[in-house]
Enquirer: 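Would you mind keeping the following structure in view while I ask a few things?
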Amino acid sequence: MKCKKIRDSTNVPDIEQLHERQNELKKAFEGDHAPVSERLIWRSLSDGDSNTQLVKRFIEQLDIEHIGQYASDKFIETRSKGAVPFSIKYPVPHAEGSDRFIWSPYHAIRKTGDARLTKMVEEYDPERSSIIIYALTSPDGLSCEIWPVDTPLQLDPVHRMYFRPYLRDAKKDWEEVLKQAKEEIGQGSNAASAGRG
């Protein structure tokens with residue numbers, strides 16, 4: 001399948017701009033100023049409002065194949081599942097160069113406190129898909145509408161064959177990462193119970 005090309009190749013954020021956008025999202029994703037249900041407001045692509053239409057137009061301009069390659073690379077590199085977030089307040093980034101995207105690893109997703117989002121990242125299969133989070137922050141940056149999408153990988157056969165053994169090897173390490181995370185959660189719960197006792 002021939003991948004879509006970015007329509008505006010001039011939208012190439014530099015590293016500093018990417019960090020600014022990432023920090024902007026962190027206020028809503030990781031803040032302790034409000035319950036997670038008020039910070040992260042789940043939306044669906046089936047919604048018919050104007051913000052969802054904006055997300056759909058944003059998606060139409062993305063090179064989904066390239067993002068899938070990036071997500072696969074990051075999973076292999078970090079041995080951790082994660083997600084690729086996009087703030088739709090900004091133009092679609094030019095797809096050439098993986099340094100134009102942001103990777104939010106599993107530990108960062110856990111820090112949101114959103115059990116639904118954490119489970120989504122835990123359960124997707126890196127051999128088949130990637131998690132892309134389309135986000136629209138409020139004017140004060142303290143809350144965020146999110147459209148998380150489990151997006152099928154659109155890799156050509158050559159790339160798929162290249163990635164497969166590396167992805168399977170990384171999945172073995174990921175299972176250990178997940179096991180340790182579950183143990184930490186259990187220890188934290190036990191400590192909290194002991195403290196109340």
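Heavy-atom basis, side chains included; hydrogens, waters and symmetry copies ignored. Heads up: numbering here begins at 1 and tracks the sequence.
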Enquirer: Evaluate Ser80 against Trp174 for side-chain contact (heavy atoms from CB on, under 4.5 Å), listing each step before the verdict.
Expert: CA-CA 6 Å; Ser80 171; Trp174 156 252; 4.2 Å; yes
Enquirer: Indicate whether any N or O donor in one side chain lies under 3.5 Å from an N or O acceptor in the other, for Thr151 and Ser129.
Expert: no
Enquirer: Linking I/L/V/M/F/W/Y whenever any side-chain heavy atoms sit under 4.5 Å apart, do Leu142 and Ile88 land together?
Expert: no
Enquirer: Can you name the nearest heavy-atom pair linking Cys144 to Phe29, along with the distance?
Expert: SG-CE1, 4.0 Å
Enquirer: Should Glu184 and Lys179 be marked as a salt bridge (Lys or Arg N to Asp or Glu O under 4.0 Å) after you check the CA-CA gap, both sets of side-chain angles, and the distance that decides it?
Expert: CA-CA 9 Å; Glu184 290 173 4; Lys179 179 182 176 181; over 6 Å; no
Enquirer: Less than 4.0 Å between a side-chain N and a carboxylate O, is that true for Arg79 and Glu175?
Expert: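 Judged by the 4.0 Å cut-off on N to carboxylate O distance, Glu175 and Arg79 do not form a salt bridge.
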Enquirer: Report whether Leu136 and Ile41 are members of the same hydrophobic cluster (ILVMFWY, side-chain heavy atoms less than 4.5 Å apart, transitive linking).
Expert: no
Enquirer: Taking only Lys NZ, Arg NE, NH1 and NH2, and the carboxylate oxygens of Asp or Glu, determine whether Lys74 and Glu77 approach each other closer than 4.0 Å.
Expert: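 Salt bridge flag = yes for Glu77 with Lys74.
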Enquirer: Can you name the nearest heavy-atom pair linking Ser72 to Pro126, along with the distance?
Expert: OG-O, 4.3 Å
Enquirer: Please check this pair: side chain of Arg110 against backbone of Thr118, looking for a donor-acceptor N/O pair closer than 3.5 Å.
Expert: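 No; judged by distance alone, with no hydrogens or angles, the pair does not exist.
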Enquirer: Once rounded to the nearest 0.5 Å, what's the spacing between atom CG of Leu62 and atom CD1 of Ile59?
Expert: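 Answer for the CG-CD1 pair, Leu62 versus Ile59, is 7.0 Å.
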Enquirer: Who are the salt bridge (charged side-chain N to carboxylate O under 4.0 Å, His left out) partners of Arg43, not counting sequence neighbours?
Expert: Asp47, Asp49, Glu145
Enquirer: List for me each residue that meets salt bridge (charged side-chain N to carboxylate O under 4.0 Å, His left out) alongside Lys111, sequence neighbours excluded, and say none if there are none.
Expert: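 Listed in chain order: Glu30.
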Enquirer: Which pair of non-hydrogen atoms, one from Ile102 and one from Gln22, has the smallest distance, and what is that distance?
Expert: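 Shortest heavy-atom separation between Ile102 and Gln22 comes out as CG2-NE2, 3.5 Å.
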Enquirer: Given the rule in the side-chain contact (heavy atoms from CB on, under 4.5 Å) test, do Val149 and Ile133 qualify, once you have shown the distances and angles that lead to the verdict?
Expert: CA-CA 6 Å; Val149 182; Ile133 304 173; over 6 Å; no
Enquirer: Who pairs with Lys171 by salt bridge (charged side-chain N to carboxylate O under 4.0 Å, His left out), at least two apart in sequence or on another chain?
Expert: Asp125, Glu127
Enquirer: Between Lys89 (side chain only) and Thr137 (backbone N and O only), is there a donor and an acceptor less than 3.5 Å apart?
Expert: no
Enquirer: So, Thr52 side chain and Ser50 main chain: donor-acceptor pair closer than 3.5 Å or not?
Expert: no
Enquirer: Run the side-chain contact (heavy atoms from CB on, under 4.5 Å) check on Tyr106 and Leu178 step by step: do they pass?
Expert: CA-CA 9 Å; Tyr106 174 66; Leu178 183 59; 3.6 Å; yes
Enquirer: Taking atom CG of Asp63 and atom OH of Tyr70, what is their separation to the nearest 0.5 Å?
Expert: 14.5 Å
Enquirer: Show the numbers, then the answer: is there a side-chain contact (heavy atoms from CB on, under 4.5 Å) between Ser87 and Glu24?
Expert: CA-CA 9 Å; Ser87 173; Glu24 183 179 284; 4.1 Å; yes
Enquirer: Linking I/L/V/M/F/W/Y whenever any side-chain heavy atoms sit under 4.5 Å apart, do Trp103 and Val92 land together?
Expert: yes
Enquirer: Given the rule that I, L, V, M, F, W and Y join up when any side-chain heavy atoms are under 4.5 Å apart, are Tyr90 and Phe101 in one cluster?
Expert: no
Enquirer: For His159, check side-chain hydrogen bond (donor to acceptor under 3.5 Å, both in side chains) against everything at least two apart and list the hits.
Expert: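 Counting only residues at least two positions away or on another chain, His159 forms a side-chain hydrogen bond (donor to acceptor under 3.5 Å, both in side chains) with Asp156.
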Enquirer: What closest approach, in Å, do Ile131 and Gly82 show between heavy atoms, and which atom pair accounts for it?
Expert: CB-O, 4.0 Å
Enquirer: Can you tell me how far apart CD (Gln69) and CD (Gln154) are? Round to the nearest 0.5 Å.
Expert: 11.0 Å
Enquirer: Let me check something: do Val84 and Trp42 share a hydrophobic cluster, defined by ILVMFWY side-chain heavy atoms less than 4.5 Å apart, either directly or through other members?
Expert: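 Yes; Trp42 is reachable from Val84 via cluster members.
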Enquirer: How long is the gap from CD1 on Ile146 to CG on Asp114, to the nearest 0.5 Å?
Expert: 5.5 Å
Enquirer: I need the minimum non-hydrogen distance between Ala28 and Leu40, along with the two atoms involved.
Expert: O-CD2, 3.9 Å
Enquirer: Hey, does the side chain of Lys56 reach the backbone of Leu45 with a donor-acceptor pair shorter than 3.5 angstrom?
Expert: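 Such a contact is found between Lys56 side chain and Leu45 backbone.
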Enquirer: Tell me every residue that passes ring pair (Phe, Tyr, Trp, His ring centres under 6.0 Å) with Phe58, counting only those two or more places apart in sequence or in another chain.
Expert: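 Applying ring pair (Phe, Tyr, Trp, His ring centres under 6.0 Å) to Phe58 gives Phe86.
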Enquirer: Mind checking what makes salt bridge (charged side-chain N to carboxylate O under 4.0 Å, His left out) contact with Arg164, not counting sequence neighbours?
Expert: none
Enquirer: Restricting to non-hydrogen atoms, name the atom on Gly141 and the atom on Lys27 that form the minimum distance, rounded to 0.1 Å.
Expert: O-CB, 3.3 Å
Enquirer: Taking the side chain as C-beta and beyond, is there a heavy-atom pair between Ile132 and Trp147 under 4.5 Å?
Expert: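 They are not in side-chain contact.
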